[in-house]
Amino acid sequence: MSERKSQARGERPDYGVDAPDVVRRFLMVGSVAIVLQFAAPSLLALVPVSYAQILQGTARSLGWMGYGFVATACLMLWGSRVGKLRLRDRVLDALPWRGDERVLDVGCGRGLMTAGAAQRVPNGQVVGIDVWRREDQARNGPDAARRNLRIEGVAARAEVRTADMRRLPFDAASFDAVVSSWALHHLAGSDERLQALHEIDRVLKPGGRVALIDIRHGRAYAAWLRERGYAQVRVSGPNFLFLVPTLTVTAQKR
Ligand SMILES: C[S@@+](CC[C@H](N)C(=O)[O-])C[C@H]1O[C@@H](n2cnc3c(N)ncnc32)[C@H](O)[C@@H]1O
């Protein structure tokens, strides 16, 4: 379907839900705990009086735990559906675009940063790469990303490819900017994350910009970029849209 048709039909991009299994587990465990809290009074008659107090206390704690779990799941859903789009726009708006850059999105998933970057480079080109792990993002896949790029009206200058961020299939110094959101932390070992950083550095042109949005390892990315001689290495304050703090690291290659 053409971009014009999908816009006319009012189709909306769908950037999915991050860590869908974690969200599902929080919702399930939380709901069961809340149900048990409400069921507790009817169980009181069945237990000896000496146990009733313990049962009431346990039910109250379960209830609190349940509400906490459900609230966490709701926050994660809000983060995926609303919070990350806002943060993406803030981060990309802060980069100095010329409009003709070649941009790489590492671990693009359903194309959140790919589409955002493509909207800022009307005369440029954006490539998103991913290995499409479904446990990292709901209904992840190249077709979902391509659908979003079409709906956003940027399919002519944005594409997605299957590739591992530890072995990028691109020439050295072939991108003006490399962006990535909530992707690098999925590499379990620090050696693997270093490998991905080396690859990002390799494909970035001198003077090129990097913007990495991620949980857990932001300060380590910044330290590595500084060691590597990058200029203007900045780490944002924490954003709690997924509860675990998200940091954004931006820098310029010399
Ligand atoms: C939480 S999703 C984030 C996707 C997208 N950047 C976003 O913000 O919506 C993490 C993505 O990293 C991808 N990923 C994990 N390991 C990868 C690897 N070794 N190489 C490329 N992509 C990877 C997953 O498949 C997933 O699409």
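When a ligand or atom number is given, it counts from 1 through the structure's own listing order. All of these numbers come straight from a predicted model, not from anything done at the bench.
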> What part of Arg133, side chain, backbone, both or neither, has a heavy atom within less than 4.0 angstrom of ligand 1?
Replying inline: both
> Which residue and non-hydrogen atom of the protein lie closest to atom 25 (O) of ligand 1, and at what distance in Å?
Replying inline: Asp130 OD1, 2.6 Å
> Between CD1 of Ile129 and CZ of Arg167, what distance do you get to the nearest 0.5 Å?
Replying inline: 10.5 Å
>> Among all the protein's non-hydrogen atoms, which is closest to atom 19 (N) of ligand 1, and how far away is it?
In response: Asp164 OD1, 3.1 Å
> What is the nearest protein non-hydrogen atom to atom 7 (C) of ligand 1, stated with its residue, atom name and distance?
Replying inline: Lys84 NZ, 3.2 Å
>> Within the 4.0 Å heavy-atom shell around Trp182, which atoms of ligand 1 are there?
In response: 1 (C), 2 (S), 3 (C), 8 (O), 10 (C)
>> Give me the residue, atom name and distance of the protein heavy atom closest to atom 8 (O) of ligand 1.
In response: Ser181 OG, 2.6 Å
> So which pairs with a foot in residues 69-120 pass ring-ring contact (aromatic ring centres under 6.0 Å, His included), sequence neighbours left out?
Replying inline: Phe26-Phe69
> Does the pair Asp21/Arg24 count as a salt bridge with the N-to-O cut at 4.0 Å?
Replying inline: yes
>> Measuring from non-hydrogen atoms of Ala196 to any atom of ligand 1, is the shortest distance under 4.0 Å?
In response: no
> Checking side-chain hydrogen bond (donor to acceptor under 3.5 Å, both in side chains) against Trp182, which of Asp18, Asp136, Thr246 comes through?
Replying inline: Thr246
>> Once you restrict to heavy atoms under 4.0 Å, what part of Ala19 touches ligand 1? Side chain, backbone, both or neither.
In response: neither
>> Can you confirm if the NZ or CZ of Arg110 lies within 45° of the ring axis of Tyr15 and under 6.0 Å from the centre of its six-membered ring?
In response: no
> Are any of the heavy atoms in Gln137 under 4.0 Å away from ligand 1?
Replying inline: yes
> So, Arg150 and Glu11, do they make that salt bridge, N to O below 4.0 Å?
Replying inline: yes
> Under 4.0 Å from ligand 1, counting heavy atoms only, is it the side chain of Ala163, its backbone, both or neither?
Replying inline: backbone
> Under 4.0 Å from ligand 1, counting heavy atoms only, is it the side chain of Leu187, its backbone, both or neither?
Replying inline: side chain
>> Give me the nearest non-hydrogen protein atom to atom 20 (N) of ligand 1 as residue plus atom name, then the distance to 0.1 Å.
In response: Met165 N, 2.9 Å
>> Which of the numbered atoms in ligand 1 are under 4.0 angstrom from any heavy atom belonging to Gly109?
In response: 4 (C), 27 (O)
>> Taking Arg81 first and then Asp14, would you say they form a salt bridge - that is, a charged N and a carboxylate O separated by under 4.0 Å?
In response: yes
> Is the Tyr67 ring parallel, tilted or perpendicular to the Trp64 ring (thresholds 30°, 60°)?
Replying inline: perpendicular
> Does a salt bridge link Arg102 with Asp176, judged by any charged N lying under 4.0 Å from a carboxylate O?
Replying inline: no
> Tell me, which protein residue and heavy-atom name are nearest atom 22 (N) of ligand 1, and how many Å apart are they?
Replying inline: Val131 N, 3.5 Å
> Of the backbone atoms (N, CA, C, O) and the side-chain heavy atoms from C-beta on, which set of His186 has a member under 4.0 Å from an atom of ligand 1: side chain, backbone, both, or neither?
Replying inline: side chain
> Nearest protein heavy-atom contact for atom 15 (C) of ligand 1: which residue, which atom, what distance?
Replying inline: Asp136 OD2, 3.5 Å
> With a 4.5 Å limit on heavy-atom distance, are the side chains of Ile200 and Leu212 in contact?
Replying inline: yes
> Taking only heavy atoms of Trp132, which atoms of ligand 1 are found under 4.0 Å from at least one of them?
Replying inline: 25 (O)
>> Considering non-hydrogen atoms of the protein only, which is the closest contact for atom 12 (O) of ligand 1, and what is the distance?
In response: Ala183 CB, 3.7 Å
> Which heavy-atom pair separates Pro245 from Pro238 by the least distance, and what is that distance?
Replying inline: CB-CB, 3.8 Å
